[in-house]
Novice: 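This is the structure I want to talk about, given as structure tokens.
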Amino acid sequence: MLNNKKNKKIIEEKQLEIKNRLIEASMSNLTDLYQKYNSSFNGIKDEEIIKDNQDNYGKNVISKKGADNVFKRLFRSFFNPFNIILFILSMISMVVDVILPLPADKNYITMIIILSMIIISSFIHFHQEQKSASSAHKLIEIIETTSLIERNGVLKEIPLDEIVVGDIVHLAAGDIIPADVRIIQAKDLFVSQSSLTGESEPIEKFANIKEKTDYDNVTDRHNLAFMGSNIISGSAKAIVVVVGNDTYIGQVASKVNEKQVTTSFEKGVRKISIMLTIIMAIIIPIVFVIVGLTNKDIDKSPWINALLFGISIAVGLTPEMLPMIITSCLSKGAIKMGKQKTIVKNINSIQNFGAMDILCTDKTGTLTRDEVILERHLDVLGKEDTYVLKYAFLNSYYQTGLKNLLDKSIINRTLELADDIKELDNLELHFEKIDEVPFDFNRKRMSVLVRSLKNNRIKMITKGAVEEIISVCSTIYLDGKVVPLDKKMIKKVLNKVEEFSEEGMRVIAIASKNDAAPVGQFSVADERDMTLIGYLTFLDPPKDSARDAIEKLHSYGVEVKILTGDNPLVTKAVCAQVGIPYEKILLGKDIMNMSDADLAIEVENTQIFAKLSPDQKARIINILRKNGHVVGYMGDGINDAPAMKVADVSISVDTAVDIAKETANIILLEKDLNVLATGIVEGRKTHANINKYVKMTVASNFGNVISVVLAALLLPFLPMMPVQIIFLNLIYDLCCGTLPWDNVDSEFIKKPRKWEHKSIFRFMFWFGPISSIVDILTFVILFYVMIPQQFNGQSFSQLTNPADILHFKQMFWTGWLVASMFTQSLIIHFIRTNKIPFIQSNASTAVIISTLLGTAIVTASAYIPKVNSWLSLTPLPAIYFAWLLLFLGIYIILTMITKLIYKKIYKEFL
């Protein structure tokens, strides 16, 4: 605890030091900055300084804690709880079967089979996980990112990890900023920091120093730019101040790299493993004591014999194929999703997809196209007006600063309409630009001065946020006349704008005037006494697939909730268009004042959360999970990373920032919710097939244990030899190895399903005893009827010849071994579906072949010389198979009756 506090204090001190270094760089003149970092305007001059700076300030690499690799996958494959149990059992077998006995009595078979089970299951597990990881790695491997730096006056592109503090970086539109830098030159520089701060609008950056001390955050400083943000327009030259883990994004990454939350799937598997281990811990001592006290084998010490038999029962109870089954199911889902343009980084997330009942997502680019379309060009009364579009085009076409999506949309729309509207045709040929006042985010306006080549008139055109444009207007263009702009008209205009906002539109206004200062003197001061002529409405439209995808998600029992930092009115409108029902909207400022208990109630009946901070997104996810939901989160910015980290399954896109992609379990190569629906289906298939294996295995093994305990009490010899139990378990597990490729009934994927260890207990207690009933019947028929008939009606107790006694035992062991394999194979087909097997629902070809092959191998083993000797088996008379049909018929009838009763009581089967 003390060490944790000490480490936390060290980290906080380090972060404060970095913050102060950035602030100092922001406030320092360039001469001092160059001197501090051994650099110059033309960059670092020699290699020695580069090495020194890297040694002093670190490499430009963000550490990735806990990154998976081949050795970790290999370790996970071999060192799971079940393998450890099996290995211990194999070592005990080695002692009692190999080391202690005399050379003539040594028996390696039990130990070899157990070790074979470990190796087979582990290598399949490793192969599947390695295959999945390799596929994901190939998909996410991208071309190495480089940056243009200047060293000793020479420009060259170098990889980001070779950049050091003091390097001079040249930046242009489209570049990603490679480190935290101080800008030393800038021209019309606009930077998008949305991936860092969540701000949707680009920020203008400058090279000059401002004596301002009331910055809310270091990212607000206008002459600093940060790693992970990108240049929207303009160009710059900057000096690197902070690199790697010390950068702003690196510090966030260190928080994201904290230990990941345990998902519902991992919790479920852990509970199942603990449950099965507890059952083993209870049953094995009971079997050991019973066999030891009854002393059923005169060839060995009773307690050695009891120990060997206990080992075999432990092996039979150990679901050693569970890790392999889980990995194979998940890998199959990952490969299927890979074909759907989806990268699965963490295969456990496939199952979490299936269990997910709430998907939280941002609006932009997920529900919408992440593009801006000019919907309408209107006069102040809301009527379509070509005059407004004409002036908007001239403003957007001739401005040279930040040409954003709005400008592109205006230009494209004008060009589309130019064929039909003569007034809009070749506007750029009829006007020439004289001057401009660039856009900035304080004024939220930009102005251009143009001259008509037709009549030589000069016109000033300004566009921007409605409130900002109204603030510089004194008149309004109304019904062909210019009239004074009074409060009544302003209110009318603002009400109209509000209507458009509620429809999900973004609105900007257009104003103009005829007189302005001449070239060279044209400035912000000219933005006054203008005439408001109309406004433009823009829409980031919903994707064509959004409504259909939302309907699919709802049909699968997944509720979609929107967690966004955007305007609530726009978000509300988009949700209405794509079919997301909502009762209320909760804002970040409201959440701030709520207790967790209050918020836990609100999150259940709220579908839209707007104006949220990154921490508030994470808080909502955490509370939903505490409420018992399995939650997915889809995001693409660093502001989404905290929420992605705490979700059961996190989803990002290939265009997201590196930290978001690093945090995500799933990366979509296309932002399409339909892909998520595919993932849900694969996840539920995965859950179904894993669930089948667990339930049928625990039920079958539990039934076998009951049978063995009863048989050990009642029979005068061991009901089955240890090696036979282990051999049976090996063949059965290999049959189960095909379950990841089994068919899944369509109704099983209609709703989310969680891991419930209680239902497994319940299933085990209902269906395990059925096989015990059939086993007991098998014991009775074999021991009292069929086998005595082969010895002229003599019972076991009447036999005196040791060869006859051994033959009687071998016939019994063989009969029960074959019957057990047939019943265990049948249980696979009867438990894999809610329906009537072979009639309403068929297993996959792989499962059918494996079960047929498994029963054939076990049956044939009694007839193959050497093999039957190793396993203490013997050929069975033909009459046995008639009895076997009776056993199987009774087993099927009992299973179907129990299945009907079980479904009636618990309303479900699997």
Side-chain angles (χ1 to χ4, degrees), residues 173 187-190 201-202 204 232-235 372 374 377-380 385-415 417-418 423-477 482 506-538:
K187 179 174 175 59
D188 296 329
L189 181 65
F190 286 86
E201 298 289 353
E204 188 170 13
I232 298 297
S233 67
S235 59
V372 174
L374 174 59
H377 43 281
L378 310 168
D379 64 15
V380 292
D385 192 340
T386 304
Y387 183 68
V388 175
L389 181 59
K390 172 184 174 180
Y391 278 20
F393 172 85
L394 292 172
N395 177 285
S396 294
Y397 183 83
Y398 283 118
Q399 67 110 345
T400 57
L402 175 67
K403 230 181 201 72
N404 59 24
L405 292 173
L406 300 180
D407 293 303
K408 292 175 182 176
S409 178
I410 291 168
I411 293 169
N412 291 338
R413 183 63 173 158
T414 305
L415 295 176
L417 295 176
E423 189 179 351
L424 299 177
D425 189 32
N426 294 321
L427 281 172
E428 68 277 14
L429 301 179
H430 302 299
F431 291 85
E432 66 175 356
K433 175 187 171 183
I434 299 175
D435 209 342
E436 72 176 305
V437 179
F439 178 90
D440 69 61
F441 289 96
N442 293 320
R443 291 164 40 246
K444 296 184 180 177
R445 302 184 297 268
M446 76 82 48
S447 301
V448 297
L449 208 59
V450 296
R451 176 190 289 114
S452 170
L453 298 179
K454 183 177 180 181
N455 54 29
N456 212 34
R457 288 180 182 173
I458 293 176
K459 180 75 73 175
M460 175 182 171
I461 306 168
T462 303
K463 78 170 186 297
V466 175
E467 293 83 357
E468 300 300 327
I469 294 294
I470 288 175
S471 71
V472 297
C473 289
S474 57
T475 56
I476 184 170
Y477 188 74
V482 176
R506 183 176 176 183
V507 186
I508 65 170
I510 304 292
S512 69
K513 72 174 186 177
N514 293 323
D515 58 319
V519 177
Q521 299 176 25
F522 184 57
S523 68
V524 175
D526 289 284
E527 293 177 340
R528 58 184 175 82
D529 297 327
M530 302 192 72
T531 300
L532 178 65
I533 60 174
Y535 35 76
L536 309 171
T537 65
F538 298 86

Novice: Nearest 0.5 Å, what's the CD-CE distance between E468 and M446?
Specialist: 15.0 Å

Novice: For residues E527 and T462, is any side-chain donor paired with an opposing acceptor at under 3.5 Å?
Specialist: no

Novice: Check for a donor-acceptor pair, side chain of Y398 on one end and backbone N or O of E428 on the other, with a separation under 3.5 Å.
Specialist: yes

Novice: What distance separates M530 CE from S474 OG, expressed to the nearest 0.5 Å?
Specialist: 9.5 Å

Novice: D407 and S396: which non-hydrogen atoms are nearest, and at how many Å?
Specialist: OD1-OG, 2.8 Å

Novice: Please report the shortest heavy-atom distance between V450 and K433, naming the atom on each side.
Specialist: CG1-CA, 4.2 Å

Novice: Applying side chain to side chain contact (heavy atoms under 4.5 Å, CB included), run through L536 and V388 and close with a yes or a no.
Specialist: CA-CA 8 Å; L536 309 171; V388 175; 3.9 Å; yes

Novice: Is the closest side-chain heavy-atom distance between N395 and I410 below 4.5 Å?
Specialist: no

Novice: Quick one: CG on D379 to CG on L532, what's the gap to the nearest 0.5 Å?
Specialist: 10.0 Å

Novice: Can you spot which of M460, E436, K513 makes a side chain to side chain contact (heavy atoms under 4.5 Å, CB included) with S447?
Specialist: M460

Novice: Within the structure provided, determine whether S452 and K459 are in side-chain contact (heavy-atom separation under 4.5 Å).
Specialist: no

Novice: Working to the nearest 0.5 angstrom, can you tell me the gap between E432 CD and I458 CD1?
Specialist: 9.0 Å

Novice: Taking the six-membered ring for Trp and the full ring for Phe, Tyr or His, determine whether the centres of Y477 and Y387 are under 6.0 Å apart.
Specialist: yes

Novice: Heavy atoms, side chains only, cut-off 4.5 Å: are L406 and K463 in contact?
Specialist: no

Novice: At their closest point, which heavy atom of L374 faces which heavy atom of S409, and how far apart are they?
Specialist: N-OG, 2.6 Å

Novice: Rounded to the nearest 0.5 Å, how far does CD of E467 lie from CD1 of I469?
Specialist: 10.5 Å

Novice: Kindly compute the distance separating CG (L449) from CZ (F522), expressed to the nearest 0.5 Å.
Specialist: 4.5 Å

Novice: With sequence neighbours left out, what residues match F393 under ring pair (Phe, Tyr, Trp, His ring centres under 6.0 Å)?
Specialist: Y397

Novice: Do the side chains of H377 and L417 get nearer than 4.5 Å, heavy atoms only?
Specialist: yes

Novice: State, yes or no, whether a side-chain contact exists between K390 and L427 at a heavy-atom distance under 4.5 Å.
Specialist: yes

